[in-house]
Structures are given as structure tokens and as C-alpha cells.
Enquirer: 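The following block contains the structure, expressed as C-alpha cells.
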Amino acid sequence: MRPRDQLSLLWDIMLNEFRIIAREPGGLAILLLMPYLVAGGMAFMASFFTRISGIDFVREFIGFEVVMVSMIMVQTGARFISEERSGGRLEHLIATPTSMYMILFATSMVMVMVNLSAYLVASLPVVYGVFGVIGLLRLIPTLVIIFIGLMPLYGIGLALAGIVVRLRDVDALMNVITALLSVLSGATYPIYILPKWVDVVVVALPMYQMYQTALGIVMGSGITGLIYGLAASTVAYLALGVFTYGRVERSMLKGGVK
Amino acid sequence: MSAIEAVELRKRFISYERVGLIKRRKTVVNALNGVSLNVKWGEVYGLLGPNGAGKTTTVKILSTLLIPDSGFARINGLDVVKEARRVRGIIGLVLYPDKGFYSRLSGFENLVYFGRLYGLSRSKAEERARELLKLVNLDWAANRPYEEYSLGMRARLSIARALIHDPPVIFLDEPTIGLDPVSSRAIRDLIKGLKKEGRAILLTSHNLWEVEEVCDRVGIISSGRVLMEGSPRDIKDRLGLRYTIEVEVEGDSRGRVIRVETTDPVTELKRIMSEVEGSGLRIGRIRVSEPSLEEAYVRVVSG
């Protein structure tokens, strides 16, 4: 297939995914409202102990935004495989001459775009309220950071897909992983109360780098060297995901799609 | 060259049985124990067998969805393991007639999407989807979401998907399961039409008279082995199944019926007719009942 045809196919797979998501608007509404509910709730609880400034609220808000889009992204690959399998579509997708990598990549790109749009729409009022127009301008580069940051998370998700195809109870697994990653993001939990070695894990995960970099940009305090770490983890985790998924597909073809 | 060729396919699955609260016991299931078959162009081959006999496993291996432990299979000369992607481009597949589509998308959108995945251009995929929806009599419901389709409509849409890229080889795994008689007949007519176009079709079904109606050759599979193969008539003849001849005789005071069971209906019928005519009586009605494939199937499977 020529590259032009491949791009056209990629676009059509994305369009199909957009169509499906657009017909389930409830999920989109939650994506927009959740950060307000959680960040607001946390700020409310914290207000019993100290005065919560607008900057504190932005910190919480961006932190939860990052955690939320990260969770969605980590779950995307595994959930896609799980849903396609239970809907009886997975074998029909594998049975087409189109590579599953292309299908997975296109569907994940849609989730990236939806996540970025939700992040932008949800953050605009808060950032404008605290920082004014300059805040809005700072929000734009954070979109690039979040886009880059979502890639390694998708890689982690693909690696998780390997576990998912072996297990029946995907939801239980995902709930455990979501809780774990939420703690390890460094955005919603006081990491300093955990053992020292956890710090290493936190820094090695892309959520922390994404959160700190995005926050640094919005606050106007620079992005430090975290961007290099983010780029490195993008390559590393994506490679891990692609490698793991290759093994998963091979194992599905050997043992059957159950 | 055969359209579909499978030689000595073997496949084992590992499964786990619960023993107690947490413990599991590993068991090995021999799904295929050396399945060999050949399907020619323009032929409908029926794979029959009880549940768990290995029909679906065979279909999945032939359609590149499973890798066999040993043996090999070719579709139009292409190896299903080494040349899987090329094989996928020339086969159509119906696996689960009641699912396998996106519920929020319409029948038309689903078909176009799979058409694109099978390598058709956007305009060609749309054109084929329209054609096929008409062929399977779903054009009136083309824009209805899949989730609103009845079981019969879903089965017909599955067949349309299997044909979207105009494949020369088609695998139909129980395509009429759970369908009403009218929908089943529509699908049987469709299969006959596809056969006339010269395509090779491998069909699995539990509906034996349906298989007898559409299949040129049949393979009876049990415990992962093809036990008997041939045309439905061949199989019945080889098993020595008996035809029933009923002749109503008129002309004497009260009509009577001569009933004979035989493996050679032509000779036997000639004998009865000459006997009746020789005794000055008339033949009112003749009925010859062929043994069903079901009898043959039960005989083969139960050993």
C-alpha cells in the first residue's frame, strides 16, 4: 500500500472511532466536568486547614487533569482489545489485511485528541480566571507537552494489554492500576510520606514529568530538563508497548482469542 | 490447485479446571488430531460434527486466526501461517453471525469501515456496501444502527461483510444458527449463488438438511478427526443406508401399500412394478424416501 493510501486508511479508522465516541456523549461530558469536581472537592477539604489560593487550585486542577487523561490513555489499548474481544470484533479485525498496529495507533490518536480537547476546554476558564490572557497563551504549549506525554502512557497501556488478554476481569485490574498510577503520578498524593524508592518510580513514570512540565509552563516558571526525560520515556515506553503487543498478538494466534 | 487445502492439522489447547476455591488443574484439550481436507473452486464443502468436534478450530486455522501446532494449510496456494496477510486479503469470514460489529454505527457504516480495512478505496467500499446491502436484502435498514438489527439481519450483515472485498474463498461458521426459516432460506440461496460464481465455500452447520441442500461434499468430523468425507449421497451409500419405497396398489377390492427398505432403490422399484403389473393391478402412487444425512451423521459420529 502506498503511503498516501495508508494515511487515508489511518484517517478513516480515526473517523470511525470519532463517530463512535460522538454517539456516546455522556463520556465526553464526564471528561469535561470531572476535573472541576475533583479539584474543587480537594480544594474544599484543604480549605479547612489553610487558605486556598487560585494558584493552589490551578496546581490541583492541572494535576488532576494530567492524572485523568493519563488514566484514560493507559486504559485505551487494553480496553480497546478487551471491548473488541467481548464484542466479537477482535478476530474480524485481525482477519483483515490491515495491521493491528495501525488500528491501535489510529484509535489511540482519537483518544489523544479527545483528551487534549477536554483538557483545553476544561482548563480554559480556570487558567484565565487565575492568570488572565497570559495564562491562555501558556496553555497552548502545554498541549504539546501533554500530547508527547500521552505517547509513553499509551505504550504502557499496550504492555498492559498483554495482561488483559490473559485475564477475564479487566475492570478489577484496571481499577487497581488506575489507583496505583494515580498515587505514583505525584500529582494527587503526598509522595514525601512514602518510602524513598517510590520517588525513583515516580520520576521514571511519564505522568510525573508531564505534570511538572505542564504545571511549570502554566505557572510561568520554566520547564527545566523534564522535557528530555519525557522524550526519553516516550521512546522507551512506546518501544516496550509495541514489543509487548507483538508478543500478545502472537500468543492470541497460538492460544486463540478467548 | 485446490482453493482450500489442509494437511494433517493438529492443535492442542491448554485449559484450566477449578478444583476448590483457588486451585486450578491444567488440562490439555486435543482440538484437532490430524485434520486433512480439500475444497475445490466452485464447491461448497460442509464440515459437520458435534459441539467441540473441531469445526471452528479448523475454520480459525484456515482463516489465519489460529496457528496450528503441526500440519499445514494453504488457501489458493498461500500458506496460512507464513503468508497470513496475503491470505487475509482473499478470504471472507463469518464467525459469529450475531455479533462482531459496532453497535452505534449503522449497517452501512460498519460495512464501509470493514471494506476500508480490507483495502478498498473509500468510494469503492461505499459502492460495495450499497450493492451488498441490496443483495442481502438490508438496503431498507442501511442507516439503522446495528444495535437495532434483529438476529436475522445481523446474520445477513455478517455475510455482506464476508463479501465486501469480493473474496474468492469464503468461510461460514454456522451462518444460520438461531435464524428463522425465511432468513435461513435467504442465506442458503445466497450461498448457492456464490457457488455459481465459482467461489470456494467452507460451511459448518448443525443443520444437516441444510448442509445436504447446499453442499457438494461433506466432511464429518469428531474428536478432531475427519471420520468420513464425500458427497452426501456417497456417504449414505458407503454406510449402506436404506431407501424406503412405498407403492400404493389399486385395482383389487381394497387398496394396499407395499413398503420395502433397500440399498438399491432402482432395481427394487423395477421388481415391484413388474410384479404389480404382472398380477393385473395398477400402481396408484410411488414414494421413494432417501435416507437423510442425519442418519449418516449419527451413524458415523456414534461409531
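Throughout, protein chains are lettered first and strands after them, A, B, ... in sequence-line order, and every chain is numbered starting at 1.
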Enquirer: If you round to the nearest 0.5 Å, how far is CG of B/Leu120 from CG of A/Asp12?
Expert: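 Rounded to the nearest 0.5 Å, the CG-CG separation comes to 11.5 Å.
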Enquirer: For A/Glu17 and B/Tyr113, test the side chains for any donor-to-acceptor distance below 3.5 angstrom and give the result as yes or no.
Expert: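 No, no side-chain donor-acceptor contact under 3.5 Å.
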Enquirer: Drop me the distance from A/His92's NE2 to B/Asn110's CG, to the nearest 0.5 angstrom.
Expert: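 Atom-to-atom, A/His92:NE2 and B/Asn110:CG are 11.0 Å apart.
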Enquirer: Where do A/Glu91 and B/Ser63 land on the side-chain contact (heavy atoms from CB on, under 4.5 Å) test, with the steps shown first?
Expert: CA-CA 10 Å; A/Glu91 284 168 307; B/Ser63 55; over 6 Å; no
Enquirer: Report yes if the side chains of B/Tyr118 and A/Thr98 come closer than 4.5 Å at any heavy-atom pair, otherwise no.
Expert: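 No, side chains not in contact.
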Enquirer: B/Arg104 side chain to A/Ile20 main-chain N or O, any donor-acceptor pair under 3.5 Å?
Expert: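 No; judged by distance alone, with no hydrogens or angles, the pair does not exist.
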Enquirer: Is there any salt bridge (Lys or Arg N to Asp or Glu O under 4.0 Å) pair reaching into residues 97-124 of chain A, and which pairs are they, with sequence neighbours excluded?
Expert: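 Of all non-adjacent pairs touching residues 97-124 of chain A, none passes salt bridge (Lys or Arg N to Asp or Glu O under 4.0 Å).
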Enquirer: On a heavy-atom basis, which atom in A/Met252 and which in B/Leu66 lie closest, and how many Å separate them?
Expert: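 Heavy atoms only, the tightest pair is O-CD2, 4.5 Å.
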Enquirer: Are A/Ser8 and B/Arg116 close enough, and set up right, to give a side chain to side chain donor-acceptor pair (under 3.5 Å), and what steps lead you there?
Expert: CA-CA 9 Å; A/Ser8 158; B/Arg116 293 290 285 131; 2.7 Å; yes
Enquirer: Look only at the side chain of B/Lys11 and the backbone of A/Lys254, and say whether a donor-acceptor pair between them is shorter than 3.5 Å.
Expert: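 Side chain of B/Lys11 to backbone of A/Lys254, a donor-acceptor pair under 3.5 Å: yes, one is there.
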Enquirer: Enter the distance from A/Ile94:CD1 to B/Leu93:CG here, rounded to the nearest 0.5 Å.
Expert: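 With rounding to 0.5 Å, CD1 (A/Ile94) is 11.5 Å from CG (B/Leu93).
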Enquirer: Determine the minimum heavy-atom distance between B/Gly89 and A/Pro97, stating which atoms define it.
Expert: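 The answer is CA-CG, 3.8 Å.
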Enquirer: Give, as side chain, backbone, both or neither, the part of A/Leu15 having an atom under 4.5 angstrom from any heavy atom of chain B.
Expert: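 Contact with chain B is absent: no heavy atom of A/Leu15 under 4.5 Å.
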Enquirer: Should B/Arg85 and A/Ser99 count as side-chain neighbours, where that means a heavy-atom distance under 4.5 Å?
Expert: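 Yes. Closest side-chain heavy atoms under 4.5 Å.
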Enquirer: Between A/Glu83 and chain B, with a heavy-atom cut-off of 4.5 Å, which part of the residue counts as in contact: side chain, backbone, both or neither?
Expert: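 Contact with chain B involves no heavy atom of A/Glu83 at all.
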Enquirer: Less than 4.0 Å between a side-chain N and a carboxylate O, is that true for B/Glu147 and A/Arg23?
Expert: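 Result for this pair is no, no salt bridge flagged.
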Enquirer: Should B/Phe101 and A/Arg89 count as side-chain neighbours, where that means a heavy-atom distance under 4.5 Å?
Expert: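 B/Phe101 vs A/Arg89: side chains apart.
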